[in-house]
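Here is the structure we will look at.
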Amino acid sequence: MKDISAIEVTRKCSLKSALEKLENSGTTVLLLVNEEGILLRTVTDGDIRRLLLAGFGLEDKLDKLADKSPVVASPGMNPESVIEMMDRYAVSQLPAVDQQFKPVDLYLRHELQPRILLSVPHMGDYERQYVEEAFSTNWIAPLGPNVDGFESELAAYVGSGHAAALSSGTAALHLALRLLEVGAGDVVLCSSFTFIASANPILYQGATPVFIDSAPDTWNMSPAALEQALQSLARRGITPKAIMVVHLYGQSADMDSIVALSEKYGVPVIEDAAESLGAYYKGKHTGTFGTFGIFSFNGNKIITTSGGGMLISNDRQLIEKARFLSTQARDPAPYYEHTEVGYNYRMSNVLAGIGRGQLKVLDERVASRRAVFDRYRAELGDLDCIEWMPEPEGDLSNRWLSAISLNPEKTAVTAPALIEKLAAANIEARHLWKPMHQQPLFAGTEYYSHGEESLCDYLFSTGVCLPSASNMTEKQQTTVIQHIRRLLT
Ligand SMILES: Cc1ncc(COP(=O)(O)O)c(C=O)c1O
């Protein structure tokens, strides 16, 4: 129970003292009581701001506030009923009063309802078994049977020839660039609408990124913008060293068009499939169209090893070279000899054990994430201000994150406002990725837009990722849906 007297005020309290009390209390609500201590109404900083805007001064008193009968709960109510009440009245704090209507407690949503998170790890039945095996056989070091098993099982799952298990998806991207001999002064074409990890390795190699907008049918790399970039660079006598295409939020880019352009201009493709493991483009797994594909097993991904990545390719020699470079490029000599720069990028045998267990439940995880997206769309589809991330016919997104955009012509609610309001209800939602060409790190970098208006800029300013974990309960989904409906209607 809280010290309620610390947030009680009377009508004699000045706006200034009320603001100070709010500041010091750690809550966002005060309880206005009469001389007998009976609750008259709640006071938020919004109420005080409105008085100030109406022309009252900081020394004016709270008696300027109109009466407003408060919504209250009873002491000792079960948390579920309190949350239900909070949902019904769209509030995140609820005073509890005794029989005389005197406040005795203040329920806070964040104390009663665990935060509904965007994406969390979801373990299956076998991860522990593989990890225990690593312990019992003392294969704790990097490499070992789980690493070999994870590589071959993942390669078989996606239908790729070969795979190298690494410490992160970023490491996999870096090795892909290195193996394509991208170096200082080279140009790499890269999706602008992505996470920084797609672009950073281009800088590690001293190369220059040129960013490409998204297309409306996939929200991923626009073939039209890509062709413009290739043509423009060709006119200047520049052949890029690679095309880094990203499959965001589990949706494939238009690979037929991108591969056709890569062949026409002789530029190899690296697929950043960090977010799209388990997704298909025309019946084939994302990550298997380019010279290289990469996956991430970061903690927030569809399956996780807590941290890790995989580089895949149909070229055995390239993957063998990746394994060599990722273990400090040690030459085959009886002592430690090195002729090339290497990295410490290998995955540990313990973490690979988690990966092997996770791989067994990947199809279930895809089905669960798709079900979350489908439920959002089924229950909010009537709100015409919501644009849903597309999934062209013939593709199968893993719906890693349920991504939407709010059409500003159809709602006054902005993406930041929706995210903030959901946060107040203890629901985590996030902006879509801020495009790379807008990042201070890449100021002045060349960028090719899909049309007159840059699509990824529009998606960044209007887009929201909703909670999408595969272990989200139906109740949690209902809570998210109710809040969004209330906030958007
Ligand atoms: C699109 C994209 N690329 C690359 C990465 C990098 O993966 P990692 O965190 O495993 O280095 C991530 C995720 O973190 C990602 O979302």
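Each ligand, and each atom within it, is numbered from 1 in the order the structure gives.
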Electrostatic pair R377-E391, nearest N-O below 4.0 angstrom = no
For the residue pair H285 and Y157, categorise the inter-ring angle as parallel (less than 30°), tilted (30 to 60°) or perpendicular (more than 60°).
-> tilted
Test Q251 against every option in D217, N398, D395, T286 by the side chain to side chain donor-acceptor pair (under 3.5 Å) rule and name the one that passes.
->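 Result for side chain to side chain donor-acceptor pair (under 3.5 Å) with Q251: D395.
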Between W433 and F193, is the ring centre distance below 6.0 Å?
-> no
Rounded distance (nearest 0.5 Å) linking atom CZ of F324 with atom CD1 of I319 =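 So the CZ of F324 and the CD1 of I319 are separated by 15.0 Å.
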Got a second to check how far E387's CD is from I404's CD1, nearest 0.5 Å?
->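 With rounding to 0.5 Å, CD (E387) is 9.5 Å from CD1 (I404).
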Using a cut-off of under 3.5 Å, which N/O atoms of ligand 1 pair up with protein N/O atoms, and what distance separates each pair?
unit_1   : atom_1 : unit_2 : atom_2 : d
ligand 1 : 3 (N)  : D272   : OD1    : 3.2
ligand 1 : 3 (N)  : D272   : OD2    : 2.7
ligand 1 : 7 (O)  : S296   : OG     : 3.3
ligand 1 : 9 (O)  : N298   : ND2    : 3.0
ligand 1 : 10 (O) : G169   : N      : 2.8
ligand 1 : 10 (O) : S296   : OG     : 2.7
ligand 1 : 11 (O) : G169   : N      : 3.3
ligand 1 : 11 (O) : T170   : N      : 2.9
ligand 1 : 11 (O) : T170   : OG1    : 2.5
ligand 1 : 14 (O) : K301   : NZ     : 3.1
ligand 1 : 16 (O) : E275   : OE2    : 2.6

